[in-house]
Structure formats: structure tokens, C-alpha cells
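Read through the structure below, which is laid out as C-alpha cells, and then see the notes.
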Amino acid sequence: MKELLKKLRRYEIQIRKAINSQMKGDFHSVFKGSGLEFDDVRPYQYGDDIRTIDWSVSAKGHGTFVKTFKEEKEQTVFFILDVSASEDIGSPGRTKVDIGKEICGVLALSAVKESGHVGLICYSDIKERFIKPTKGQSQAYEIISALSNLKPLSTGTNLSKAISFALNAIRRRSVVILISDFIDEGYEDNLKALARRHDLVVVHISDKRETALPRLGIIPVLDKETQRTVWINTSFGDFREKIIRHHNERKDMLQKFSRKHEINFITLDTDEDYVPKLLRLFKVRNKSMKTT
């Protein structure tokens, strides 16, 4: 735990320095969503959006009133981390789930320093851990400790259920950071709903072991999620090329989906330094905040 905290603090300082010097941007805007909260009501004026009409107030017979909103002063950041067995791939200490946990930890440390409320959902095909959002340094430490000590009860994956749980659990508009390898199907509708309701960031994590298979002939392969062993012929025809093509197609589909639905998207490999890519993501978010 001490070593992990030391590592995360080093990354957090590196990110903060880069944003303050290289980007010349406001670190707060990295975690600042476009959320609005109800402020008051006022009489309807020509040109007002009819969707803002407060029908309950207007029904009292004193005229038509519309709701007014103000920018949320305190932003909520929610991490959704896929902890299914397919995430446990990679070198020791650098598996997909290890990288996901580190990203949650370093961004939690950063968010609480900007007075943000931070929460966490860990999911496989069941809810593994849920921490309600609150603010303060102790909240970041609680999240890091929970991630460090987490031992999932299930090996399965169900991203659709994970996102559905998030849609019900996260009430106010938040910055939602979803971290997964996205090796699943049928989650797109719920992901689109999550993007409509929240300021969504998708972090796709992969490992080269998933595609870089050597020619070893017929070998047993363990499916970590089902615990079933399947025998495959790694030397047969274009078997390896099909795996690579399928992996790239799935990643490209997710990237196009994210672009279409205005989702911030980054993809990482377990053997690369993720800090530069996080910085590029923040640069994009800073620019978008300045133009909205």
C-alpha cells in the first residue's frame, strides 16, 4: 500500500506539473463537467426553451414559469472499473486490472485536491465494490485501499449490467471514467445512455499477449472467466491474423462509437507509460471546456 501510494503521488505530481506548465490550463477544468443544477424559476419569455417550463409552478395559475440553472460548483468524479478475470492478463504488477487500479488511484488523488467528490464502482458480472462519492483526501485513500485489497468474487464479465448499475446509482451529472478491456457484447445501448446523462471518459486497456500468439501448434488455452480449457491450433492457417483483426476491429468500433456520442476515448497497452496519454486526454478536455 505504501509503495503504491508513493508511485501514485509521483504520477499525480507529474500530471499536475505538466498541466500547469506545458498546457497552461486550469487543472480544475480536467474534472469539471458541463453539469448544471437547478437554481430558481422566473416568468416565461419569448424564445425560452419549452423543455425548461416548470409545469408544477405554472399550474398554480400565476403564469408560465421556466426553471433557471447554474453551473455546479462541486463536480463529482465516478470511476467504473472492470475487475473481471479477463482483466488479469499481463506481466506481474502490470496486468490490465493493475493499470486500471493505478489510473483510478492517481486521478482520485488529483480530483479530491480540486474539491471534487469521488466515488467508485468495481464490477465483474456482479457488483464487487461500491463506494459512495464524497470529498477529501481520506476518500482518495479509501478508494486506493479498496482497490489494493479487492479480491473479486466472480470471474465473469457483464458490462451492460455494470453500466446499468451506474445509471441507477449515479444520480447527479458527473464525470464518469469507465475503465475496461471491453471484451464483451451487448453493452452499447447502456453506454450510449450513460454518455447522454454524464460527461463520459472511456479508457480501453489491452495487453499484447491477447494477440501476439507464437506458432506453437495445438496448445491448451484457459478461459479465465469460464475456467474452461480449450485446445486451439496456433499454427493453423491465418488463425493468429484473425485474432489480431478481431481485436483491432473491436477497438476501432469502440473508438468510432465514442466519437459519434461525444465520449472522450483513450486506448492503452499494459507495457506503455499511461501518463502521457492521460495528459493528452486532459489537453483535449481543457480545450473543450474553453469552447463551451
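This is a predicted model, so every value here is computed, not measured.
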Could you tabulate the donor-acceptor pairs under 3.5 Å formed by side-chain atoms of residues 253-261, not counting sequence neighbours?
unit_1 : atom_1 : unit_2 : atom_2 : d
S258   : OG     : L254   : O      : 2.9

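- The shortest distance between side-chain heavy atoms of I263 and V201 does not fall below 4.5 Å.
- Separation of atoms NZ (K132) and CD1 (I121) is listed at 12.0 Å; rounding is to 0.5 Å.
- Here the closest non-hydrogen pair linking K101 and L147 is NZ-O, 2.9 Å.
- Residues T157 and S86 share a closest heavy-atom pair of OG1-OG, 4.1 Å.
- Between the CG atom of L4 and the OG atom of S148 there is a distance of 5.5 Å, given to the nearest 0.5 Å.
- Applying the 6.0 Å contact sphere to NZ of K192 captures no more than 12 heavy atoms from other residues, nucleotides or ligands.
- In this structure, the side chains of I177 and F78 stay at 4.5 Å or more apart for every pair of heavy atoms.
- Residues I183 and I126 do not share a hydrophobic cluster, defined by chaining ILVMFWY side chains whose heavy atoms lie under 4.5 Å apart.
- A salt bridge links D181 with K96: the closest approach of a Lys/Arg side-chain nitrogen to an acidic carboxylate oxygen falls below 4.0 angstrom.
- Expressed to the nearest 0.5 Å, how far CD1 of I50 lies from OG1 of T64 amounts to 11.5 Å.
- D252 places no side-chain N or O within donor-acceptor distance of the main-chain N or O of E249, the cut-off being under 3.5 Å.
- Salt-bridge annotation for K151 and E128: absent, with no side-chain N of the basic residue lying under 4.0 Å from a carboxylate O of the acidic one.
- Of the charged side-chain nitrogens involved, at least one lies within less than 4.0 Å of a carboxylate oxygen, so that K208 and D269 count as a salt-bridged pair.
- At distances below 3.5 Å, at least one donor-acceptor pair connects side-chain atoms of D48 with backbone N or O atoms of Q45.
- In this pair, F165 and Y123 present their aromatic rings tilted. The plane angle is within the 30 to 60° band.
- Between P152 and T155 there is no side-chain heavy-atom pair separated by less than 4.5 Å.
- In this structure, I80 and L194 have side chains that are in contact, with non-hydrogen atoms separated by less than 4.5 Å.
- Follow the hydrophobic side-chain contacts under 4.5 Å out from I179 and you reach V175 in the same cluster.
- When atom types are taken as modelled, the side chain of K277 and the backbone of T267 share a donor-acceptor pair closer than 3.5 angstrom.
- With no hydrogens or angles considered, no side-chain donor-acceptor pair links H117 and T76 at under 3.5 Å.
- Taking CD from E87 and OG1 from T270, the interatomic distance works out to 11.0 Å, rounded to the nearest 0.5 Å.
- L81 and L191 are members of different hydrophobic clusters when ILVMFWY side chains are connected at heavy-atom separations under 4.5 Å.
- The two residues I163 and N190 make their nearest non-hydrogen contact at CG2-O, 3.3 Å.
- For D271 against R94, the heavy-atom pair with the smallest separation is C-NH2, 4.2 Å.
- In this structure a side-chain-to-backbone donor-acceptor pair under 3.5 Å is missing from E12 to G105.
- Using a distance-only test at 3.5 Å, with no hydrogens or angles considered, a donor-acceptor pair links the side chain of R197 to the main chain of L167.
- Contact record, G136 with V112: O-CG1, 3.4 Å, taken as the closest heavy-atom pair.
- With sequence neighbours left out, the side chain to side chain donor-acceptor pair (under 3.5 Å) criterion links S58 to no other residue.
- With rounding to the nearest 0.5 angstrom, the CG atom of D125 is 12.0 Å from the OG atom of S160.
- When K7, R10, R9 are each tested for a salt bridge (charged side-chain N to carboxylate O under 4.0 Å, His left out) with E102, only one passes: K7.
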Derivation of the side chain to side chain contact (heavy atoms under 4.5 Å, CB included) call for F265 and L281: CA-CA 8 Å; F265 173 84; L281 168 66; over 6 Å; no
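- For CD of E272, the number of neighbouring non-hydrogen atoms (other residues, nucleotides, ligands) closer than 6.0 Å is greater than 12.
- Transitive grouping of hydrophobic side chains (ILVMFWY, heavy atoms separated by less than 4.5 Å) keeps L109 and I13 in distinct clusters.
- Using modelled atom types, one side-chain atom of S110 and one backbone atom of V106 make a donor-acceptor pair closer than 3.5 Å.
- Between the CZ atom of R280 and the CG atom of N264 there is a distance of 14.0 Å, given to the nearest 0.5 Å.
- Side-chain polar atoms of S84 and D82 form a donor-acceptor pair below 3.5 angstrom.
- Two residues are said to be in side-chain contact when any heavy atoms from C-beta on lie closer than 4.5 Å; L159 and S180 meet this criterion.
- The main-chain N or O of V118 is found under 3.5 Å from a side-chain atom of Q139 such that the two form a donor-acceptor pair.
- Of the possible donor and acceptor atoms, none in the side chain of K67 sits under 3.5 Å from a partner among the backbone N and O of D54.
- At least one side-chain heavy atom of Q75 sits less than 4.5 Å from a side-chain heavy atom of S174.
- Residue L8 is grouped with residue I205 when hydrophobic side chains (ILVMFWY) are merged at heavy-atom distances under 4.5 angstrom, including chains of intermediate members.
- Under the side chain to side chain contact (heavy atoms under 4.5 Å, CB included) rule, D207 has a single partner from T95, L268, I89, I99, which is I89.
- The two residues F65 and P43 have their closest heavy-atom pair at CD2-N, 3.6 Å.
- Not a single donor-acceptor pair under 3.5 Å links the side chain of H198 to the backbone N or O of V176.
- Within the 4.5 Å cutoff, the side chain of Y141 has heavy atoms near those of the L5 side chain.
- Using a 4.5 Å heavy-atom threshold, the side chains of V203 and L178 count as separate.
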